[in-house]
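Encoded as structure tokens, the structure appears first; notes follow it.
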Amino acid sequence: MKRRGILLIAGVVVAALLAVGVLTFPLPYVVLQPGPTVDTLGSRDGKEVITVTGTPASVSAGQLRLTTIQVRSDISFSQAFSSWFNGDDAVAPRDVVYPPGQTTKEVQQVNTEAFQTSESSAVVVAKKKVGHPFEVAIDLDKIGGPSAGLMFTLGIIDKATPEDLTGGKIIAGTGTIDDAGTVGKIGGIPQKLVGAKHDGAQIFLVPEGNCDEALKNAVPGLPMAKVATIDDALTALKTFTSGGTPAPC
């Protein structure tokens, strides 16, 4: 074979190998995807998510679902390209989820601690609203971060009082909670809205600080209620379950 032909074939092979390398080489980005939702009034892996003792535990007809996101790291160019055109996913710099200088294990530990803090605050706020002593246990693994605080608080209140906060509806939401009952903004609202709709939610409780982002990523058929405090959330539920329209984003 002539030298020119050999060089041409070699060039094609190298180009192909480079293309494969580009498509499969890990990028400094992550993909955010809708994660599972969990009914705080129900069970998961055979165990009740919320258990109350020291007071009669009520049973409600509907659901109060916390929402999550899934994070895919070490993605390739082809995976990022595919997710870029998937309306349910978001491609974000890796530093957004894994800050520089922190290992994946350290980030997971921070998220676990934030989750535990949100549990504690949820119990504090719920006990204030219920108005009498009782004990609470929350059993939910593999969920991190503080964003389940609001839905845990509502779940505890619902179980510890005779009133059915759900009115037989499927209600989803997100938001941090502090000991004063303030609902704080969270990340991943677009993916959480998609996950909630997928699991049958009929309304979504949105932290006031996330309303602008939520409106830009609204999901057809899923109304959104703006909440800044636990009292706002309780009012929204009462309004919605009685056939009214809660204060929207």
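Given the structure is predicted, the values throughout are model-derived calculations rather than measurements.
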Same apolar cluster (I L V M F W Y, side chains within < 4.5 Å links), Leu234/Phe204: no

Is any side-chain heavy atom of Asp232 closer than 4.5 Å to one of Thr229? yes

Taking the side chain as every heavy atom from C-beta outward, state whether Arg65 and Met151 have any atom pair closer than 4.5 Å. no

Give a yes or no on whether the backbone of Asp179 and the side-chain of Lys128 come within a donor-acceptor separation of less than 3.5 Å. yes

Do the side chains of Val206 and Leu237 join up, straight or via other hydrophobic residues, at under 4.5 Å, putting them in one cluster? no

Where do Val219 and Val194 land on the side chain to side chain contact (heavy atoms under 4.5 Å, CB included) test, with the steps shown first? CA-CA 7 Å; Val219 174; Val194 172; 4.2 Å; yes

Please tell me whether Leu41 and Leu150 are part of a single hydrophobic cluster in this structure, the criterion being side-chain heavy atoms less than 4.5 Å apart. yes

Residues Phe134, Ile156; criterion side chain to side chain contact (heavy atoms under 4.5 Å, CB included); working and verdict: CA-CA 10 Å; Phe134 59 94; Ile156 297 168; 3.7 Å; yes

Ignoring hydrogens, what is the shortest heavy-atom contact between Ser60 and Leu165? Give both atom names and the distance. OG-N, 4.5 Å

Distance check, rounded to the nearest 0.5 Å: Thr117 atom OG1 versus Asp178 atom CG? 11.5 Å

Taking Ile189 as the starting point, is it possible to reach Val183 by hopping between hydrophobic residues whose side chains are less than 4.5 Å apart? no

Compare every heavy atom of Gln191 with every heavy atom of Leu32, then report the nearest pair and how far apart it is. O-CG, 3.6 Å

Taking all atoms of both residues into account, what is the closest heavy-atom pair of Thr40 and Gly155, and its distance? OG1-CA, 3.7 Å

Looking only at atom types and distance, does a side-chain atom of Asn210 sit under 3.5 Å from a main-chain N or O of Ile186, one as donor and one as acceptor? yes

Nearest atoms (heavy-atom pairs only) where Ala196 meets Ala172: CB-CB, 3.7 Å

Which atoms form the tightest heavy-atom contact between Pro246 and Phe240, and what is the distance? CG-CB, 3.8 Å

Is atom CG of Asp139 surrounded by more than 12 heavy atoms (other residues, nucleotides or ligands) closer than 6.0 Å? yes

Please report the shortest heavy-atom distance between Thr174 and Ser147, naming the atom on each side. OG1-O, 3.4 Å

Check whether Ser121 reaches the backbone of Ser118 with its side chain - one donor and one acceptor, N or O, closer than 3.5 Å. no

Nearest-0.5 Å distance that lies between atom CD1 in Ile50 and atom CD in Glu119: 9.0 Å

So NZ of Lys226 and CE of Met224: to nearest 0.5 Å the spacing works out to 12.0 Å

Could you walk me through whether Asp231 and Lys129 pass the salt bridge (charged side-chain N to carboxylate O under 4.0 Å, His left out) test, one step at a time? CA-CA 9 Å; Asp231 288 335; Lys129 301 306 297 184; 2.6 Å; yes

May I ask you to test the Pro99-Val107 pair for a side-chain heavy-atom distance under 4.5 Å? yes

Looking at Gly184, is its backbone amide N or carbonyl O close enough to the side chain of Thr176 to form a donor-acceptor pair, meaning the two atoms are under 3.5 Å apart? yes

Side chains of Thr68 and Lys192: does their closest heavy-atom pair fall under 4.5 Å? no

Straight-line distance of Lys197 NZ to Asp88 CG, nearest 0.5 Å: 13.0 Å

Determine whether Ile143 and Asn111 make a side-chain contact, defined as any pair of heavy atoms from C-beta on separated by less than 4.5 Å. no

Is the shortest side-chain heavy-atom distance between Ile157 and Val125 below 4.5 Å? no

Determine, stepwise, if the pair Thr182 / Ile177 fulfils side chain to side chain contact (heavy atoms under 4.5 Å, CB included). CA-CA 6 Å; Thr182 303; Ile177 198 83; over 6 Å; no

Is Lys185 reaching over with its side chain to a backbone N or O of Glu208, donor-acceptor style, under 3.5 angstrom? no

Got Asp158 and Leu154 here, is their nearest side-chain heavy-atom distance under 4.5 Å? no

Could you pull out all residues at least two apart from Glu48 that satisfy side-chain hydrogen bond (donor to acceptor under 3.5 Å, both in side chains)? Lys159

Are the side chain of Gln202 and the backbone N or O of Ile170 linked by a donor-acceptor pair below 3.5 Å? yes

Could I get the full list of ring-ring contact (aromatic ring centres under 6.0 Å, His included) partners for Phe152, not counting sequence neighbours? Phe115

Grouping I, L, V, M, F, W and Y whenever their side-chain heavy atoms are under 4.5 Å apart, do Val38 and Leu222 come out in a common cluster? no

Please answer whether the main-chain N or O of Glu213 pairs with a side-chain N or O of Asn217 as donor and acceptor at a distance below 3.5 Å. yes

Atom CD1 of Ile230 and atom OG1 of Thr153: how far apart are they, to the nearest 0.5 Å? 5.0 Å

Starting at NZ of Lys127, measure out to OG1 of Thr55 and round the result to the nearest 0.5 Å. 11.0 Å

Applying side chain to side chain contact (heavy atoms under 4.5 Å, CB included) to Leu66 and Leu140, what does each step give before you reach the verdict? CA-CA 11 Å; Leu66 63 83; Leu140 189 61; 3.8 Å; yes

Test item: Val49 and Ser43 side chains (from C-beta on) under 4.5 Å apart, heavy atoms: no

